Amino acid sequence: IQKDISDYVSRKYGIKFKVAAMGTLPEAAAEKGSAEAPDTTSGQLFLTAVNLTGGMNAVMGRNGFKTEAQSARFEFGQANQLSNAKLSGAVRFASDSTARGAADEALLTFAPENTLKVADLKGNVAFASAQGQFNSNDAKIQFAKNESGQLEPQSLTSTSQASLVSAVSA
């Protein structure tokens, strides 16, 4: 099943990921059903949630944005559209450039067409790039597409004490 989920997500969302181990999905509630149970009434499989444990590694988008975490929960809306992903335990982000990030956990919210909209990071948040470094206990990043259609951060806010150090050029 790990390979089936990996292949499906790779085809549907353009994300390559490797699952080290996978936990079990919760049992459906007897009386009302469960949001976890996939809808198969139309002869198609519609995902509602996927839980990954034991390590998650994903490469997203054309630019090879890499994400790692000890566990992840992906939730889906209509027509298998990714609505959010909750990553927990040693969350790490890296781009093909020198940009790197880390947090204890991250809640990623997606807009239509599986476009990252918000990254809400908690616990030991740190970013480093050629432009400088940011450290805080929390950070919320809003994303939007630029004029050329590339997704980029639009704003970063924090509700806790933060440190921002700009790189100095000689």
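Note that the structure is predicted; figures quoted are calculated from it, not measured. Numbers here are sequence positions counted from 1.
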Is it the case that the side chains of D138 and S136 hold a donor-acceptor pair, with the cut-off being a distance below 3.5 Å and no angle test? no
Rounded to the nearest 0.5 Å, what separates atom NZ in K140 from atom CG in L156? 11.5 Å
Which atom of N114 lies closest to which atom of L82, heavy atoms considered: OD1-N, 2.7 Å
Contact check, side chains of F76 and T48, non-hydrogen atoms, under 4.5 Å: no
What distance separates N124 CG from E105 CD, expressed to the nearest 0.5 Å? 11.0 Å
Residue pair D120 / T109, side-chain heavy-atom distance below 4.5 Å: no
4.5 Å side-chain heavy-atom contact, F143 and V118: no
Heavy-atom closest pair (F110 atom, N84 atom, distance to 0.1 Å) is CD1-CA, 3.9 Å
Between P112 and Q81, the two heavy atoms sitting closest are C-OE1, 4.2 Å
Same apolar cluster (I L V M F W Y, side chains within < 4.5 Å links), I141/V165: no
Evaluation steps, side chain to side chain donor-acceptor pair (under 3.5 Å), between Q131 and S129: CA-CA 5 Å; Q131 290 78 30; S129 71; 2.9 Å; yes
Nearest heavy atoms of A102 and R92, plus distance in Å: CB-NH1, 3.3 Å
Output for pair (N135 CG, Q161 CD), nearest 0.5 Å, gives 11.0 Å
Does K122 have more than 12 heavy atoms from other residues, nucleotides or ligands lying within 6.0 Å of its NZ? yes
Just how far is it from atom NZ of K145 to atom CD of E147, taken to the nearest 0.5 Å? 13.0 Å
Please answer whether the main-chain N or O of E75 pairs with a side-chain N or O of S83 as donor and acceptor at a distance below 3.5 Å. yes
Cluster check F74, L107: I/L/V/M/F/W/Y, side chain < 4.5 angstrom: no
Could you measure the distance from the OG atom of S163 to the CD atom of Q133? Nearest 0.5 Å is fine. 8.0 Å
In terms of heavy-atom contacts, A106 and L121 come closest through CB-CD2, 3.3 Å
Within 6.0 Å of CD in E152, more than 12 heavy atoms from elsewhere: yes
dist Q70:CD -> T53:OG1 (nearest 0.5 Å) comes out at 10.5 Å
Is it true that the side chains of Q150 and S148 contain a donor and an acceptor less than 3.5 Å apart? no
